[in-house]
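Notes to accompany the following structure.
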Amino acid sequence: MCAASAFATEGVSDVATQLFGSEEAGKRVSDGVVFIDGEYIRGPYSVTREGNVILVNGRIASRFKVEARAAQEAADRAASTTADPGIGENGNEDRVSDEDGAAIGSDPTPELPDAPAKATASSKTSAIDAKLAKSGKGGSIEERLAAKNKAKNLKAESATGSFNKEASGGDPMALFEEADYTYTPPSKPEPKAVPYVRPAAQKSMTERMAESRKKDEEAAKKAMAVAADEPETTEEEGSDIVAVEDFSELTEEEIDAYIKKFKARRAQIEKTLAADGMVMLTSASSGMKEVKRSTMWRFVQQLEELCAANNASKLQSKWGKELPRAYLQRIYDNRTENIKNMKTLILRVKREEKAAKAKQKSRL
């Protein structure tokens with residue numbers, strides 16, 4: 001017991017233990033299956049807690065992230081200000097230029113002098129022009145003669161009709177060049193318009209439903225293929241992300257909330273094992289995957305055969321939909337020790353499953 005206690009304390013922060021306290025195991029559980037970082041742990045199991053760390057049989061099985069909400073908000077603000085180069089450390093906009101509207105890297109806005117006012121030449125007006133201006137007729141003799149000639153030329157051009165006699169600007173593609181605006185009726189009557197019907201609309205509802213199901217199946221297969229290539233790294237299903245521990249600036253409310261969360265997780269693990277379920281844990285984070293007894297029975301009995309392959313693809317293709325693929329890879333990497341330590345468990349599962357089937361058959 002002393003050795004186990006010394007091992008349990010290793011890797012656990014003293015500050016976390018003082019803040020969040022510790023818990024003893026509610027009971028020693030003989031049923032269930034526990035994997036920690038892909039390695040099978042022999043039962044019976046004793047689930048304890050020290051600070052923000054949960055231990056199974058004195059071994060670190062789960063570590064929770066602890067961080068003050070104020071520190072998290074400050075980190076988010078710092079990240080947002082770093083992303084925007086126009087914001088300074090104090091949240092104020094950095095003055096890039098003394099001129100308004102200047103952008104980063106732009107030249108200073110040029111300042112142009114005011115254009116000098118045009119000198120107005122004081123043209124002398126003749127006596128006759130002044131007299132005509134007073135009478136309202138206005139203009140000089142040359143201007144009145146030019147206006148009279150212009151009106152005469154316009155009248156002559158409109159009488160002869162000079163529209164589109166020559167291509168404007170020499171552009172053969174100009175609009176309305178050499179256009180014939182007379183209507184010529186067609187020699188044969190035009191056929192009646194036939195409405196366009198899409199090919200898909202011509203099919204029956206049954207055929208369209210079958211095609212839709214086929215497309216959905218193909219899309220699902222593609223999604224499964226993509227998911228098979230990408231390992232799952234979500235925290236809830238076990239990941240390699242190390243939990244952050246920052247105990248400074250924690251408020252009393254946050255400490256109480258963390259204690260409730262840690263107690264609930266320890267009780268949840270103990271309850272799953274008592275129901276003969278399986279729990280997969282990671283020592284670096286709070287990720288956990290739990291399955292029921294029926295699934296655990298099937299997994300335990302198939303594990304030795306699936307791990308006999310040259311790689312973990314067979315194990316992942318069989319159980320990748322129900323269990324994290326990345327964690328299955330860890331179990332495969334520890335296959336030698338796992339199979340050796342699970343001999344007694346496999347025998348026990350086979351015996352209990354056989355008894356359950358016989359009991360069910362007797363009821364029928």
Side-chain angles (χ1 to χ4, degrees), residues 1 4 23-49 54-62 232 236-238 263-283 286-309 312-364:
M1 291 295 293
E23 287 184 85
E24 297 296 330
K27 56 182 176 180
R28 197 167 179 82
V29 186
S30 301
D31 298 329
V33 177
V34 175
F35 283 93
I36 301 177
D37 297 332
E39 183 180 349
Y40 169 71
I41 306 299
R42 289 182 178 180
Y45 302 111
S46 176
V47 185
T48 59
R49 181 181 66 84
I54 295 178
L55 307 102
V56 176
N57 291 355
R59 174 172 175 172
I60 296 178
S62 186
E232 299 183 14
E236 288 301 322
E237 296 183 350
K263 287 184 176 181
R265 175 59 64 86
R266 193 207 67 80
Q268 182 182 4
I269 295 174
E270 199 171 71
K271 182 179 178 181
T272 303
L273 295 177
D276 202 12
M278 180 170 62
V279 180
M280 295 179 175
L281 303 167
T282 56
S283 59
S286 61
M288 184 182 77
K289 178 68 177 180
E290 55 180 346
V291 297
K292 296 182 179 180
R293 181 178 65 175
S294 57
T295 306
M296 182 272 288
W297 280 358
R298 292 187 292 112
F299 179 77
V300 166
Q301 296 182 68
Q302 298 174 9
L303 185 60
E304 184 175 5
E305 180 182 354
L306 296 175
C307 287
S313 59
K314 193 173 181 180
L315 177 63
Q316 290 175 335
S317 61
K318 180 68 176 179
W319 287 94
K321 294 181 180 180
E322 300 181 54
L323 302 176
R325 298 177 64 88
Y327 204 91
L328 291 173
Q329 180 66 51
R330 293 185 179 186
I331 293 177
Y332 178 83
D333 295 339
N334 295 285
R335 60 189 180 279
T336 304
E337 288 295 323
N338 288 342
I339 298 303
K340 181 178 68 174
N341 295 331
M342 292 174 68
K343 293 292 185 182
T344 305
L345 173 65
I346 294 173
L347 294 175
R348 193 259 295 178
V349 167
K350 289 182 178 180
R351 182 176 67 253
E352 291 182 355
E353 186 180 22
K354 185 178 179 180
K357 288 181 178 180
K359 187 177 182 180
Q360 185 179 7
K361 191 179 295 184
S362 64
R363 288 180 180 177
L364 298 176

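One is the number of the first residue; the rest follow in order along the sequence.
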Give, for atom [atom1] of [X] and atom [atom2] of [Y], the distance between the pair rounded to the nearest 0.5 Å.
| X | Y | atom1 | atom2 | answer |
| --- | --- | --- | --- | --- |
| Asp31 | Thr272 | CG | OG1 | 12.5 Å |
| Leu328 | Cys307 | CG | SG | 9.0 Å |
| Asn334 | Ile339 | CG | CD1 | 11.0 Å |
| Lys289 | Phe35 | NZ | CZ | 14.5 Å |
| Arg266 | Arg49 | CZ | CZ | 8.5 Å |
| Arg335 | Leu315 | CZ | CG | 10.5 Å |

Nearest atoms (heavy-atom pairs only) where [X] meets [Y]:
| X | Y | value |
| --- | --- | --- |
| Tyr45 | Gly32 | CE1-O, 3.4 Å |
| Ala61 | Val56 | CB-CG2, 3.7 Å |
| Lys27 | Ala274 | NZ-CB, 3.9 Å |
| Ser317 | Arg325 | N-NH1, 4.4 Å |
| Ser283 | Asp37 | OG-OD2, 2.6 Å |
| Ala312 | Gln329 | CB-OE1, 3.3 Å |

For this session: Please report the C-alpha distance between Trp297 and Glu352 in whole Å, then the side-chain angles of each, then the deciding distance to 0.1 Å, and finally whether the side-chain contact (heavy atoms from CB on, under 4.5 Å) criterion is met.
Result: CA-CA 9 Å; Trp297 280 358; Glu352 291 182 355; 3.9 Å; yes
Exercise. Is there any salt bridge (charged side-chain N to carboxylate O under 4.0 Å, His left out) pair reaching into residues 295-307, and which pairs are they, with sequence neighbours excluded?
Worked result: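 The answer is Arg298-Glu322, Glu304-Lys343.
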Exercise. Is any side-chain N of the basic residue among Glu353 and Lys350 closer than 4.0 Å to the acidic one's carboxylate O?
Worked result: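 Salt bridge flag = no for Lys350 with Glu353.
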For this session: Would you check, one step at a time, whether the test side-chain contact (heavy atoms from CB on, under 4.5 Å) holds for Met288 with Ser62?
Result: CA-CA 8 Å; Met288 184 182 77; Ser62 186; over 6 Å; no
Are [X] and [Y] close enough that some pair of their side-chain heavy atoms sits under 4.5 Å apart?
| X | Y | value |
| --- | --- | --- |
| Ile331 | Leu323 | no |
| Glu39 | Asn341 | no |
| Met296 | Val300 | yes |
| Thr282 | Arg330 | yes |
| Val29 | Pro44 | no |

For this session: Not counting sequence neighbours, which residues clear ring pair (Phe, Tyr, Trp, His ring centres under 6.0 Å) with Phe299? List them please.
Result: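 Only Trp319 meet the ring pair (Phe, Tyr, Trp, His ring centres under 6.0 Å) criterion with Phe299.
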Exercise. Applying the side-chain contact (heavy atoms from CB on, under 4.5 Å) test to Met278, which of Thr295, Leu273, Val33, Val34 qualifies?
Worked result: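 Answer to the side-chain contact (heavy atoms from CB on, under 4.5 Å) test with Met278 among Thr295, Leu273, Val33, Val34: Val33.
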